[in-house]
Amino acid sequence: MAGELAAQAQAFFASTPELSLQALGSGVHVPSLDLAPYGVPVTHLLAEHNAELARQYLTLNQLAFGGIGVPRWVLSDLYLLPGAIGLLRCPARLLKAPARERLLLADEELAIGAACYVAPSLTPGLFVGVSLFSFLPGRGASAWVKLLTLGMVRAKRLRGVTQWDNPAVRVHSRLGPMRLVGRVPGGHDYDERTFVYETDLSDEARVARAMLRGDSPAPATRIPVTDLLSLGALLDRAEAGARLELAPPGQDDGHVLVREVPPG
């Protein structure tokens with residue numbers, strides 16, 4: 001089924017041939033990367049010699065996340081030095097207006113359209129989702145830059161942080177069920193509505209079906225994203241060992257879709 005993911009990736013790029021997949025990071029890590037995840041070629045750009053591209057990423061990250069956008073030193077020390085950022089680049093004319101206005105690029109100048117950074121962890125094969133954004137409307141770019149970045153770093157599992165009411169839940173669930181892990185270690189700016197999830201990437205057939213929204217919908221409990229008491233109780237149960245997950249598409253009409261997975 002790796003071939004199925006490759007076919008889906010080819011179809012995605014065929015729909016917007018002006019997109020290209022690139023990576024920005026320290027050169028020391030190039031031998032550790034897969035520079036053709038699911039058959040998509042990656043151009044690796046050395047962060048040591050591409051300061052202008054790093055500044056463009058910083059500008060777009062801060063535009064996407066406002067007050068919690070990445071500081072410059074964090075970009076250097078904790079993104080580019082230990083890892084690599086996956087980028088979808090395109091002509092600036094394809095970007096949403098706020099990004100075009102912030103970057104001040106001509107129509108055909110090359111711009112970052114979408115980007116994903118996942119941080120390496122102490123556990124082999126496990127990466128931590130740190131930053132995902134897209135300024136390419138209506139193309140499914142967020143899910144693809146996330147999946148291809150994870151493939152590039154050879155991730156087998158992903159732990160991420162998001163909010164119950166964040167529309168990005170629908171993007172994250174494109175890669176498969178989101179198992180609830182618990183609360184964010186050390187807290188979060190949006191602590192009361194934030195949780196940690198994990199996605200298993202080891203079964204490529206399952207990921208391929210998820211990217212197509214191809215799994216038959218399993219029965220799921222609908223909980224309003226505003227019912228923080230009930231949602232907090234789910235995290236208590238998850239931390240105590242219950243296997244709970246957000247079933248794709250994760251969110252629907254102001255509700256999260258939760259199901260319990262039987263043991264074994």
Student: Is a side-chain N or O of His44 found less than 3.5 angstrom from the main chain of Gly27, in a donor-acceptor match?
Tutor: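 Not confirmed, His44 side chain does not pair with Gly27 backbone.
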Student: Roughly how far, to the nearest 0.5 Å, is CD1 of Ile112 from CD of Gln56?
Tutor: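 Separation between the atoms: 4.5 Å.
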Student: Which heavy-atom pair separates Arg259 from Pro177 by the least distance, and what is that distance?
Tutor: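 Scanning both residues, the minimum pair turns out to be NH2-CG, 3.6 Å.
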Student: Are Met211 and Leu175 packed together at the side-chain level, in the sense that at least one heavy-atom pair is separated by less than 4.5 angstrom?
Tutor: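 They are in contact (side-chain heavy atoms under 4.5 Å apart), so the answer is yes.
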Student: Quick check: closest heavy atoms across Gly129 and Val118, and the distance to 0.1 Å?
Tutor: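 Shortest heavy-atom separation between Gly129 and Val118 comes out as CA-CG1, 4.0 Å.
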Student: So, does Arg170 use its side chain to make a donor-acceptor pair with the main chain of Gln251 at under 3.5 Å?
Tutor: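 Here the side-chain-to-backbone pair exists.
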Student: Less than 4.5 Å apart, any side-chain heavy atom of Cys90 and any of Leu136?
Tutor: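 Touching, per the 4.5 Å side-chain cut-off.
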Student: Apply side-chain contact (heavy atoms from CB on, under 4.5 Å) to Glu260 and Thr221, showing your working.
Tutor: CA-CA 9 Å; Glu260 185 160 1; Thr221 301; over 6 Å; no
Student: State the CH2-CG distance between Trp164 and Leu228, to the nearest 0.5 angstrom.
Tutor: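 Answer rounded to 0.5 Å: 9.5 Å.
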Student: Let's go through Tyr38 and Gln8 carefully: what are the C-alpha distance in whole Å and the side-chain angles of both, what is the deciding distance for side-chain contact (heavy atoms from CB on, under 4.5 Å) to 0.1 Å, and is it a yes or a no?
Tutor: CA-CA 9 Å; Tyr38 307 114; Gln8 290 182 41; over 6 Å; no
Student: Can you give me the closest heavy-atom contact between Leu257 and Pro249, atom names plus distance?
Tutor: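 Shortest heavy-atom contact: CD1-CD, 3.8 Å.
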Student: What are the two closest heavy atoms between Ser131 and Tyr79, and how far apart are they?
Tutor: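 Minimum heavy-atom separation between Ser131 and Tyr79: CB-OH, 3.8 Å.
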Student: State the CD-CZ distance between Glu109 and Arg89, to the nearest 0.5 angstrom.
Tutor: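 One finds 10.5 Å between CD of Glu109 and CZ of Arg89.
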Student: Check Arg222 with Asp252, please: is the shortest side-chain N to carboxylate O separation under 4.0 Å?
Tutor: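 Yes, this pair counts.
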Student: Any non-hydrogen side-chain atom of Leu103 less than 4.5 Å from a side-chain atom of Leu95?
Tutor: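 Leu103 reaches Leu95 side chain to side chain.
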Student: Just verifying a value: how many Å separate Glu18 CD and Arg93 CZ, rounded to the nearest 0.5 Å?
Tutor: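 Interatomic distance, Glu18 CD to Arg93 CZ, rounded to 0.5 Å: 4.0 Å.
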Student: Between Val128 and Val161, is there a side-chain heavy-atom distance shorter than 4.5 Å?
Tutor: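 Val161 does not reach Val128 side chain to side chain.
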Student: Check the hydrophobic clustering (I, L, V, M, F, W, Y; side-chain heavy atoms under 4.5 Å; chains of links allowed) and say if Ile68 and Val130 are grouped together.
Tutor: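 Yes.
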Student: Do you reckon Tyr197 sits in the same ILVMFWY cluster as Val184, going by side-chain contacts under 4.5 Å, direct or chained?
Tutor: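 In one cluster: no.
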Student: Side chain of Asn61, backbone of Val70: donor and acceptor closer than 3.5 Å?
Tutor: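 Side chain of Asn61 to backbone of Val70, a donor-acceptor pair under 3.5 Å: yes, one is there.
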Student: In the single-linkage hydrophobic clustering (I, L, V, M, F, W, Y; side-chain heavy atoms under 4.5 Å), do Val196 and Leu244 co-cluster?
Tutor: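 As far as the 4.5 Å side-chain criterion goes, Leu244 and Val196 are not connected within one cluster.
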Student: Going by an N to O cut-off under 4.0 Å, is there a salt bridge joining Glu198 and Arg159?
Tutor: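 Salt bridge flag = yes for Arg159 with Glu198.
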Student: Kindly give the heavy-atom pair with the smallest separation between Pro248 and Gly176, and that separation in Å.
Tutor: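 In this case the closest contact between Pro248 and Gly176 is CG-C, 4.1 Å.
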Student: Just one of Arg179, Arg206, Arg157, Lys156 clears the side-chain hydrogen bond (donor to acceptor under 3.5 Å, both in side chains) bar with Asp200, so which one?
Tutor: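 Among Arg179, Arg206, Arg157, Lys156, the one that satisfies the side-chain hydrogen bond (donor to acceptor under 3.5 Å, both in side chains) with Asp200 is Arg206.
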Student: Checking the side chain of Arg139 only, and the main-chain atoms of Phe12 only, is there a donor and an acceptor separated by less than 3.5 Å?
Tutor: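 No, because the side chain of Arg139 does not come within donor-acceptor range (under 3.5 Å) of the backbone of Phe12.
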Student: Please state whether the rings of Phe133 and Phe65 are parallel, tilted or perpendicular, taking 30° and 60° as the class boundaries.
Tutor: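 The rings of Phe133 and Phe65 stand perpendicular, inter-plane angle above 60°.
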Student: With a 4.5 Å cut-off on side-chain heavy-atom distances among I, L, V, M, F, W and Y, is there a chain of contacts connecting Leu60 to Leu104?
Tutor: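 No, separate clusters.
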Student: Could you tell me the separation between the CG atom of Leu94 and the CG atom of Asp107, rounded to the nearest 0.5 Å?
Tutor: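 Reported to 0.5 Å precision, the distance equals 9.5 Å.
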Student: Going from CG on Leu63 to CD on Glu101, what distance comes out if it is rounded to the nearest 0.5 angstrom?
Tutor: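 Atom-to-atom, Leu63:CG and Glu101:CD are 9.5 Å apart.
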Student: Looking at every heavy atom in both Gly232 and Arg183, which two are closest together, and how far apart are they?
Tutor: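 Between these two residues, the closest heavy atoms are O-NH2, 3.2 Å.
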Student: Quick one, Leu234 with Val256, criterion side-chain contact (heavy atoms from CB on, under 4.5 Å). Give me CA distance, side-chain angles, the key distance, then yes/no.
Tutor: CA-CA 12 Å; Leu234 289 180; Val256 291; 5.6 Å; no
Student: Is a side-chain N or O of Glu245 found less than 3.5 angstrom from the main chain of Val261, in a donor-acceptor match?
Tutor: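 Answer holds: no.
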Student: Is the shortest heavy-atom distance from the side chain of Val42 to the side chain of Leu33 under 4.5 Å?
Tutor: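 Val42 does not reach Leu33 side chain to side chain.
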Student: Evaluate side-chain contact (heavy atoms from CB on, under 4.5 Å) for Leu201 paired with Phe127, printing each intermediate quantity in order.
Tutor: CA-CA 11 Å; Leu201 304 166; Phe127 283 73; over 6 Å; no
Student: Of Leu24, Val74, Leu46, which is the lone residue that meets side chain to side chain contact (heavy atoms under 4.5 Å, CB included) with Leu80?
Tutor: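 Result: among Leu24, Val74, Leu46, Leu24 is the only option passing the side chain to side chain contact (heavy atoms under 4.5 Å, CB included) with Leu80.
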Student: Please tell me whether Ser173 and Arg213 have a donor and an acceptor in their side chains that are separated by less than 3.5 angstrom.
Tutor: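 Side-chain D/A pair, Ser173 to Arg213: present.
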Student: Say whether Phe13 and Leu35 are linked into one hydrophobic cluster, either directly or through other cluster members, by side-chain heavy-atom distances under 4.5 angstrom.
Tutor: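 Same cluster.
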Student: Is a side-chain donor or acceptor of Arg72 paired with a backbone partner of Leu58 at a separation under 3.5 angstrom?
Tutor: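 Pair absent, no side-chain N/O of Arg72 close to backbone of Leu58.
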Student: Are any of the side-chain heavy atoms of Arg174 and Trp144 separated by less than 4.5 Å?
Tutor: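 Of all side-chain heavy-atom pairs linking Trp144 with Arg174, at least one is under 4.5 Å.
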Student: Is any side-chain heavy atom of Leu87 closer than 4.5 Å to a side-chain heavy atom of Val145?
Tutor: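 Not touching, per the 4.5 Å side-chain cut-off.
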Student: Mark yes or no for whether Ser121, through its side chain, and Leu126, through its backbone, hold a donor-acceptor pair below 3.5 Å.
Tutor: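 Answer holds: yes.
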Student: Side-chain contact, heavy-atom cut-off 4.5 Å: Val225 with Arg193?
Tutor: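 Answer no - side chains too far apart.
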Student: Testing Leu150, Leu5, Thr199, Leu212 for side chain to side chain contact (heavy atoms under 4.5 Å, CB included) with Val207, which one passes?
Tutor: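 Answer to the side chain to side chain contact (heavy atoms under 4.5 Å, CB included) test with Val207 among Leu150, Leu5, Thr199, Leu212: Leu5.
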